[in-house]
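Below: the structure, in structure tokens.
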Amino acid sequence: MRLRVEHDIFVVRQRGREVAAAIGLEHQDQVRLATALSEVARELLRLCGGADVTFTAALQTQGPVSLRVDLAPVRPLPDGRYEPQSGAVARLVDMLSAVDRDGDTVVTMSRRVPANAQALTPERLAELRAELGRTAPGSALDELALQNQQLIAALDEVREQRDELAVLNEELQETNRGVMALYNQLSEELEETNRGVVALYAELDEKSAQLRTASESKSRFLANVSHELRAPVTAIIGLSRLLADSASDPLTAEQARQVGLIRDSATDLLALVNELLDLAKAESGRLEPNWVEVDLRAVFGQLRGTLRALTTKPGVELVVEEPPPPATVRSDEVLLAQVLRNLLHNGLKFTERGEVRMRAELRDGRWWLSVSDTGVGVPPELRERIFEEFYQVPGSTRVGGTGLGLPYARRVVHLLGGTLELASEPGRGSTFTVTLPAGGA
């Protein structure tokens, strides 16, 4: 097409819209391309007296097909370049630029064809050219009337969009009011919850302080009572021994039996007092280990000798295995021996037949000292309760005991940097295992 006079601007615009419609551009894209083409044509007519306009369907092997419009000015552009006066023109199309072709500057623009448009085969293009050739361009008045119709349709569309936007804004405001109400409600609930949590923490702190005070009072009470009881109990044991001494006045058989009962009861009471005192020391943190290199062979040998002499049940055998080398551990010898003696006493006390065995094993840098028996065992639900102070398994009171030995043993083991655990099966016995780091805590 030739662009030489003002009327050609309307013809170029009309042809641009018709070509865009023919190859499948949507209605809005047809209007955008036609508007951009008329604006560029008007500027080129003013700057260089016109141009030659070519419409090309750019068939590409990859990517979308596009409609390209080239406007070749009839005279060179000023400064050899072109920039549209309005920046909005470039936004109407996918591409708008001035390119150099064979030494001439050509203004080109393009718009992508939708993928769902009819395929642009050579036959289809020939058909479109023939159809456009049979169509005579309308007058400027017709084009102006069409533009007015398009403008009215655009205004109607803008009005509809504005009404929809107003509805959306109203819905958004309603949603915002609901969100703000929910936020305020949640904030109030959260604040109320926070106040409850703060009050709960304050109550817990108060209860913790009360428990610490009660624990300290209990420890002081046990220590004081134990200390005050040791002197008279020791005196009772001494007096009972004097009465039973052969150098004293002879006693009748009944008197000797009663004095023996007094001495045995006082001895049991002294053991209880000593256990209470030891437990009070452990709970108050005043029990400090004396860290030395402990020879486990010596400890096991001493326990083997002392406890074997105390074994009075003919059906129970005490077995103390020799520790494997290197049989040394950094610990407190007195406290460690006291714990193991306690566990052996416990096993001998609750075993009627079979054996009580103590052995040592070094694994992964830790000593595993175990005392196993073939006694009555402990039910699963009571395996942790027996480490509570003064607790005894139901039915075990007939063999005596205070329920303080195992709690004290576990506290001492923790103080030595180890653990004391129980594995047991009712009717098949129990195994108490002390684990200690080979190098000490």
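Model, not experiment: these values are computed from the prediction. Every heavy atom of this structure was used, including side-chain atoms; hydrogens, water molecules and symmetry mates were not.
Side-chain atoms of N346 do not come within 3.5 Å of backbone N or O of N342 as any donor-acceptor pair. Counting only distance, with no hydrogens or angles, the side chain of D332 and the backbone of W291 share no donor-acceptor pair below 3.5 Å. In terms of modelled atom types and a separation under 3.5 Å, the side chain of R15 and the main chain of L132 share a donor-acceptor contact. Judged purely by atom type and a 3.5 angstrom limit, R2 has no side-chain atom pairing as donor or acceptor with the backbone of D52. Between the W368 side chain and the L436 main chain, no donor and acceptor come within less than 3.5 Å of each other.
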Q: Evaluate side-chain hydrogen bond (donor to acceptor under 3.5 Å, both in side chains) for T105 paired with D100, printing each intermediate quantity in order.
A: CA-CA 5 Å; T105 301; D100 182 71; 4.7 Å; no

Q: Show your reasoning for whether side chain to side chain contact (heavy atoms under 4.5 Å, CB included) applies to L340 and V299.
A: CA-CA 9 Å; L340 297 178; V299 174; 4.3 Å; yes

Q | Intermediate values then yes/no, side-chain hydrogen bond (donor to acceptor under 3.5 Å, both in side chains), T374 and T351 | A | CA-CA 6 Å; T374 57; T351 302; 5.0 Å; no

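When every heavy atom of L125 is checked against every heavy atom of A57, the shortest pair comes out as CD2-CB, 3.9 Å. Here the shortest heavy-atom pairing between D373 and G347 reads OD2-CA, 3.8 Å. Nearest heavy-atom pair across G16 and L37 is CA-CD2, 4.0 Å. Nearest heavy-atom pair, L369 versus A360, reported as atom, atom and distance to 0.1 Å: CD2-CB, 3.5 Å.
Residue-environment remark: CZ (R112) stays at or below the threshold of 12 foreign heavy atoms within 6.0 Å.
Side-chain N/O atoms of E157 and Q28 include a donor and acceptor closer than 3.5 Å. No side-chain donor-acceptor contact under 3.5 Å links S110 and S66. Using a 3.5 Å distance cut-off with no hydrogens or angles, the side chains of S372 and T431 do not pair a donor with an acceptor. Q30 and E26 are not linked by any side-chain donor-acceptor pair at a separation below 3.5 angstrom, with hydrogens and angles left out of the test.
Two residues are said to be in side-chain contact when any heavy atoms from C-beta on lie closer than 4.5 Å; P289 and L416 meet this criterion. Residues L71 and V40 are in side-chain contact: their nearest non-hydrogen atoms beyond the backbone lie under 4.5 Å apart. When side chains are defined from C-beta on, L344 does not count as touching R341, because their heavy atoms never get closer than 4.5 Å. The side-chain heavy atoms of V371 and R357, taken from C-beta on, include no pair separated by under 4.5 Å. The closest side-chain heavy-atom distance from L77 to L44 is below 4.5 Å. Inter-residue side-chain proximity for P323 and E321 is flagged as unmet; no heavy-atom pair is nearer than 4.5 Å.
Applying the side chain to side chain donor-acceptor pair (under 3.5 Å) criterion to E361, with sequence neighbours excluded, gives no partner residue. Taking the salt bridge (Lys or Arg N to Asp or Glu O under 4.0 Å) definition, one finds that E322 meets it with R304, sequence neighbours left out.
Of the inter-residue distances, the one linking R410 atom CZ with L406 atom CG reads 9.0 Å to the nearest 0.5 angstrom.
Salt-bridge check for R366 with D364: failed, with every basic side-chain N at 4.0 Å or more from each acidic carboxylate O. Salt bridge annotation for K207-E203: absent, with no cationic side-chain nitrogen under 4.0 angstrom from a carboxylate oxygen. For E131 and R124, the salt-bridge test fails: no basic side-chain N is under 4.0 Å from an acidic carboxylate O.
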